[in-house]
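What's counted below: heavy atoms across the whole structure, side chains too, no hydrogens, waters or symmetry copies.
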Amino acid sequence: MNKEQDVIKMLESYNQNHIINLLKNLDEVKKQELLEQIEKIDFHQIMELYDNTKKEIEIKESKIEPISYLDKAKLSQEQKEKFDKLGEEILRNGKYAVVTMAGGQGTRLGHTGPKGTFKLDVYGKGKYLFEILKENLEEANKKYYTTIPWYIMTSKENNSATVEFLEKNNYFGYPKEAVTIFTQSELPLVDFDGKLLISKDMKIKEASDGNGGTYSSLRASGCLSDMKDKGIKWIFIGGVDNALLKMADVTLLGMAIDKNVQIASKSVVKANPHEKVGVFCKMNNHPKVIEYAELPESMAEEVDDDGELKYGESHIMCNLYTIEAIEKASKEPLMYHSAVKKNSYIDENGKEIIPEEPNSYKFESFIFDAFEFFDDIAILRGKREDDFAPVKNKDGVDSPKTAKELYEKYWNRQEKNN
Ligand code: UTP
């Protein structure tokens with residue numbers, strides 16, 4: 001049997017007859033390209049992930065407890081000074097690097113192009129999300145007499161558009177030699193009937209496999225060794241879509257050092273029990289974030305004696321690690337979750353379908369699933385109005401409109417205070 005027949009047999013066994021039809025109709029070059037891609041895909045894994053979407057998520061045999069945290073606003077002056085001093089020392093000595101996760105598809109926002117290239121309509125002229133992040137880093141560089149190495153993770157899908165955009169805008173003035181762009185891995189997208197989607201270039205449509213891929217991609221891309229060569233000790237990993245993200249918070253860093261932990265995270269209090277954010281807890285004595293879709297309703301609403309949500313510390317993609325912690329996380333396999341997303345595809349007649357409603361599963365590992373590999377985490381509760389202005393949805397909550405308001409209010413306050 002030749003390679004093509006083997007592949008056809010395999011595709012039949014996984015019920016992927018539409019891909020067999022596609023193979024039959026392609027010219028020789030395209031056919032070989034598709035065969036090569038198929039050989040690299042682990043269909044068994046994908047079908048297992050698809051089957052898991054039909055099963056109910058159970059949190060069983062686990063001891064779940066609320067997590068402890070320190071509230072930044074309630075630290076004593078002495079405590080704050082101690083943390084800040086410890087954190088500042090790391091920054092001043094050039095032992096700090098930042099990673100921006102920009103490999104997401106940004107399907108909810110619906111912006112054509114990578115999310116970092118979205119222009120937030122602030123102060124009339126507007127600012128791109130990448131530009132806002134750069135300004136935050138620049139502020140830290142000035143304050144601590146350093147140049148923080150900036151690593152930007154893209155996906156295969158958005159890498160060239162990201163590079164082009166940053167080049168065209170001259171990295172918004174950030175020293176180019178301090179910026180490294182690396183790409184994350186991907187997995188096929190599957191429709192609700194378990195069929196892999198076909199893309200415009202007549203291949204199986206794949207998408208980045210979640211921000212949990214950051215750790216292994218940092219290692220595979222050589223960025224981790226580069227960091228080691230540079231003498232980096234602490235690494236901040238954050239999202240691309242929070243206009244108030246503080247990437248060099250010395251209080252958070254100092255708190256982690258003081259507590260002698262390998263990971264730390266900034267949280268904000270959940271706006272309401274059903275806000276769509278993951279929340280921190282301790283599961284079987286290890287730090288853990290439970291995603292909103294996976295948090296049982298009873299837990300979401302549970303309050304303590306003071307009437308505060310027991311599971312109210314939201315994970316806002318504002319995480320800090322020792323380099324050893326990244327190394328460890330990069331070698332541990334993370335579980336995949338499924339997300340329901342809108343993805344265009346080519347149908348059986350070769351026509352491109354752009355769905356109005358979510359039509360497919362994307363399998364993603366989450367950055368916070370690595371927390372449970374550690375015994376402890378230092379959590380610093382920040383303030384929503386200072387730390388969290390997410391740009392997720394086209395309209396309504398967490399949209400460009402709400403982020404613009406939060407951003408402008410924050411900067412107006414800063415101006416008044418200075
Ligand atoms: P989200 O989970 O909010 O996903 O990403 P998204 O792709 O931006 O948006 P939707 O859900 O499709 O609308 C949170 C952060 O993780 C990054 C994103 O770029 C964002 O900074 N991310 C997400 C990756 O870097 N890679 C991924 O595979 C997924």
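Residues passing the side chain to side chain contact (heavy atoms under 4.5 Å, CB included) test with Thr183, sequence neighbours excluded: Thr154, Lys156, Asn159. Under the rule for a salt bridge (charged side-chain N to carboxylate O under 4.0 Å, His left out), Glu81 has no partner lying at least two apart in sequence or in another chain. Scanning for salt bridge (charged side-chain N to carboxylate O under 4.0 Å, His left out) contacts around Asp258 gives Lys82, with sequence neighbours left out. Partners of Tyr96 by ring pair (Phe, Tyr, Trp, His ring centres under 6.0 Å), not counting sequence neighbours: none found. Remark: Glu48 pairs with no residue by the salt bridge (charged side-chain N to carboxylate O under 4.0 Å, His left out) rule, at least two apart or across chains. Judged as a salt bridge (charged side-chain N to carboxylate O under 4.0 Å, His left out), and not counting sequence neighbours, Lys259 has no contacts. With sequence neighbours left out, Ser76 forms a side chain to side chain contact (heavy atoms under 4.5 Å, CB included) with Glu78, Gln79.
The salt bridge (charged side-chain N to carboxylate O under 4.0 Å, His left out) contacts involving residues 206-227 comprise Asp226-Lys230, where partners must be two or more places apart or lie in separate chains. For the side-chain hydrogen bond (donor to acceptor under 3.5 Å, both in side chains) condition, no pair includes a residue of residues 186-195, sequence neighbours left out. For residues 95-116, every residue pair satisfying the salt bridge (charged side-chain N to carboxylate O under 4.0 Å, His left out) rule, not counting sequence neighbours, is listed here: Lys115-Asp241. Applying the side-chain hydrogen bond (donor to acceptor under 3.5 Å, both in side chains) test to pairs two or more places apart or on separate chains, those with a residue in residues 396-405 are Lys404-Glu408. Within the structure, salt bridge (charged side-chain N to carboxylate O under 4.0 Å, His left out) pairs that include any residue of residues 262-284 comprise Asp249-Lys266, Lys266-Asp387, Glu275-Arg384, Lys282-Asp376 (at least two apart or interchain).
Ser208 places a side-chain N or O within donor-acceptor distance of the main-chain N or O of Gly103, the cut-off being under 3.5 Å. The backbone N or O of Ala102 lies less than 3.5 Å from a partner atom in the side chain of Asn158, making a donor-acceptor pair.
Classified by interplanar angle (parallel below 30°, tilted 30° to 60°, perpendicular above 60°), the ring pair Tyr321/Phe371 is tilted.
A donor atom on one side chain and an acceptor atom on the other are not found under 3.5 Å apart for Ser155 and Gln184.
In this structure, Phe165 has its ring center closer than 6.0 angstrom to the ring center of Tyr128.
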